[in-house]
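Have a look at the structure below before the remarks.
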Amino acid sequence: MKKYILGLFAVAVVSSCVSQQERAMKSADKNFILKAANDNFTKKKWKNALALYDRLTNLVAGTDDFPNVGFNTAYANYYDKSYKLAGHQFKNFAVNFPKDPRAEEAAYMSALCYYEGSMDYNLDQSTTETAINELQDFLTNYPNSERSKNIGQLVDELSYKLEFKAYENARQYFKMAEYKAANVAMENVLEDFPSTKLRPKIYDYIMKSRYELAVKSIYDLKDERIESALAYTKMVEKELPNTEYAKTAADLKGKLEKEKQDFVVVKKQTEARIAALTAKQKKEAERLAEKNKTEQQINDQISNEKKAMQIQRDSAALNTPPPAATFKIQR
C-alpha cells in the first residue's frame, strides 16, 4: 500500500511538472513563464529551461529581468554543451552589461566555451585558434582576476593541439617517403612553434629525412645532401645527449660516413669515365674537323678546275673566227 501511494505521488509530481511546462509554453504571463524557466534551470532541465527562456526574450526586453534571462540562457546552453552558442551569449552579456557584477564571469565563461568547443587535433582547428585569442583577451582585460590563474594552462593545452596537428601533418610526408617535403614541413613546425615540446621528435624526423635524401640522392646533389645530413646528426648528438635520439644520430652518422667514402670512389670513377669520354669526343671532333677540311679542299680544287675549264672554253669561243659565207647554186 505504501509503495502504491509513493507511486501515485511520483506520477502526480511528474504530471505537475509536465503540466507546468506545457502551461508555460502556452502562457502569455511573463512572470509565470519566468518562474517555470527558472525552476527548470534549478532542476538542471536545460532543454526545458531554454525553450522557456527563448519565449521570454521579447517579453522581458527593457526590464530588470532581461540580464538574468540572458545570463541563465548562456549557462543553460553551456551545460547543454552548445558551446559555440553559449560563448556568443556570454560575450554579448559582458559587452552589453559591463557594469554588471557578473560581467567578468561572463567574459571568462565566453573564453571557456570556446576552449570547450575546440575540436580534436585531426579536425579543423579554427575554433582552437579562436579559443586561444579569447583566453588571451580575458587575461589582458582581467590580469588580476582569480580566474586568470589557469588561463596560461588552458592556452598551453590548446597551443599543443595546434603543434601536434602540424607535427602529424609533417609526419605523414615521411610515412609516404616524401622526404624533402617532410624535412621542410618539420622545419616549419619548429619555426611556427619555437617552444614546442615536440622538438626532440621533430629533430629525429628531420635527421632521418635528410639521411634518406642523402642515400637516395641523384649524383649532382649527393655531396651536398650527405654533408647536410652529417651536420644534422652532429647537431642532434650535441642538443640531445644521452637520449635515444643521440644513439640514432650516432648510428646514422656512421652510415653516412661510409656513404661518403663510397661516393668518393664512385665520384673518381665517374670523373675518370667523363674525362675519357671527353677526350674521345675531342679526338673524334678533331678527326671530323680534319675530314671536313680535306673534303673542303677537294671540293675547292674541283671547283677551281671547273672554273679553269670554263675560262678555257670561253677563251676558245672568243678566238675562233666566224665561218665563211656560203652561196647556194640556183637550179
Side-chain angles (χ1 to χ4, degrees), residues 74-75 77-79 81-95 103-176 178-210 232 235-236 238-241 243-246 248-249:
Y75 258 116
N77 275 311
Y78 173 77
Y79 289 127
K81 298 183 179 181
S82 297
Y83 298 120
K84 187 175 182 180
L85 179 57
H88 179 70
Q89 291 169 337
F90 276 123
K91 190 167 188 176
N92 282 345
F93 184 93
V95 171
E104 179 189 318
E105 180 182 355
Y108 174 77
M109 288 303 300
S110 174
L112 190 63
C113 283
Y114 287 108
Y115 164 82
E116 294 288 358
S118 174
M119 308 292 282
D120 290 340
Y121 81 89
N122 56 331
L123 301 175
D124 177 61
Q125 291 302 298
S126 57
T127 53
T128 301
E129 293 170 353
T130 302
I132 291 174
N133 292 334
E134 291 292 328
L135 288 166
Q136 290 176 334
D137 284 346
F138 179 83
L139 196 60
T140 301
N141 296 328
Y142 301 95
N144 300 319
S145 171
E146 285 293 317
R147 296 183 175 89
S148 296
K149 291 181 179 180
N150 72 329
I151 294 293
Q153 179 182 343
L154 298 180
V155 170
D156 285 346
E157 182 182 332
L158 293 172
S159 296
Y160 180 77
K161 191 182 292 188
L162 296 178
E163 295 170 18
F164 193 74
K165 181 179 179 66
Y167 164 77
E168 280 295 301
N169 288 343
R171 199 164 69 92
Q172 292 305 312
Y173 287 117
F174 185 87
K175 291 170 69 175
M176 294 186 294
E178 296 287 345
Y179 301 117
K180 187 175 181 180
N183 180 73
V184 172
M186 286 293 180
E187 287 181 336
N188 287 341
V189 176
L190 287 177
E191 184 176 343
D192 295 339
F193 306 99
S195 301
T196 178
K197 298 175 183 177
L198 297 167
R199 182 175 291 274
K201 292 183 178 180
I202 293 172
Y203 279 171
D204 189 51
Y205 275 107
I206 291 176
M207 178 173 63
K208 289 176 180 176
S209 295
R210 293 192 182 190
Y232 213 86
M235 186 276 289
V236 172
K238 181 180 178 181
E239 293 290 325
L240 305 171
T243 64
E244 60 179 303
Y245 305 111
T248 302

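Contact check for Ile132 versus Leu154: no side-chain heavy atoms found under the 4.5 Å cut-off. Residues Tyr245 and Lys201 have side chains in contact (heavy-atom distance under 4.5 Å, counting atoms from C-beta outward). Side-chain contact between Phe138 and Arg147 is present, with heavy atoms from C-beta onward closer than 4.5 Å. For the pair Ile151/Val155, a side-chain contact is recorded, criterion being any heavy-atom separation below 4.5 Å from C-beta on. Between Asp204 and Thr248, some side-chain heavy-atom pair lies under the 4.5 Å cut-off. In this structure, the side chains of Tyr75 and Glu105 come closer than 4.5 Å at one or more pairs of heavy atoms. A heavy-atom distance below 4.5 Å is not found between the side chains of Ser159 and Phe193. By the 4.5 Å heavy-atom criterion applied to side chains, Tyr160 and Asp156 are not counted as neighbours.
Of the possible donor and acceptor atoms, one in the side chain of Ser110 sits under 3.5 Å from a partner among the backbone N and O of Gly87. A donor-acceptor pair is defined here as one N or O able to donate and one able to accept, closer than 3.5 Å; such a pair exists between the side chain of Thr243 and the backbone of Ala246. Counting only distance, with no hydrogens or angles, the side chain of Ser148 and the backbone of Asn144 share no donor-acceptor pair below 3.5 Å. Panel note: side chain Ser145, backbone Leu139; no donor-acceptor pair is recorded below 3.5 Å.
Note that CD1 of Ile202 and OG1 of Thr196 are 4.5 Å apart. Values are rounded to the nearest 0.5 Å. Glu163 CD to Leu190 CG: the interatomic distance, rounded to the nearest 0.5 Å, is 10.0 Å. The distance from the NZ atom of Lys81 to the CG atom of Asn77 is 14.0 Å, given to the nearest 0.5 Å. Taken to the nearest 0.5 Å, the NZ atom of Lys84 stands 10.0 Å off from the NE2 atom of His88. Interatomic distance, CE of Met109 versus CD of Gln89, reported as 11.5 Å (0.5 Å rounding).
Closest of all the heavy-atom pairs between Tyr142 and Ala107 is CE1-CB, 3.8 Å. The heavy-atom pair separating Ala103 from Ala94 by the smallest distance is O-CB, 3.7 Å. In terms of heavy-atom proximity, Ala131 sits nearest to Leu158 at CB-CD1, 3.6 Å. In plain terms, the two heavy atoms of Ala182 and Ser209 that are nearest each other are CB-OG, 3.6 Å.
Crowding of Tyr173 atom OH: a count of heavy atoms from other residues, nucleotides or ligands under 6.0 Å not exceeding 12.
We find that Lys91 and Glu134 are joined by a salt bridge, their nearest charged nitrogen and carboxylate oxygen being less than 4.0 Å apart. Using a 4.0 Å cut-off between charged side-chain N and carboxylate O, Arg171 and Glu168 make a salt bridge.
Residues Tyr115 and Tyr83 keep their aromatic ring centres 6.0 Å or farther apart.
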Would Met186 and Phe174 count as a side chain to side chain contact (heavy atoms under 4.5 Å, CB included) if you check the C-alpha gap in whole Å, the side-chain angles of each, and the deciding distance to 0.1 Å?
-> CA-CA 10 Å; Met186 286 293 180; Phe174 185 87; 5.9 Å; no
Kindly determine whether Arg199 and Glu187 satisfy salt bridge (charged side-chain N to carboxylate O under 4.0 Å, His left out), including the steps that lead there.
-> CA-CA 10 Å; Arg199 182 175 291 274; Glu187 287 181 336; over 6 Å; no
Pair Lys161-Ser118, side chain to side chain contact (heavy atoms under 4.5 Å, CB included): steps then yes or no = CA-CA 9 Å; Lys161 191 182 292 188; Ser118 174; 2.9 Å; yes
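If you check the side chains of Tyr108 and Asn141, you find no donor sitting under 3.5 Å from an acceptor. Between Tyr114 and Glu129, the side chains place no donor N or O within less than 3.5 Å of an acceptor N or O (distance only, hydrogens not considered).
Residue Ile206 is tested with Val236, Val184, Asn183 for a side-chain contact (heavy atoms from CB on, under 4.5 Å); the sole match is Asn183.
Note: Tyr167 and Phe164 have tilted aromatic rings, judged against thresholds of 30 and 60 degrees for the angle between ring planes.
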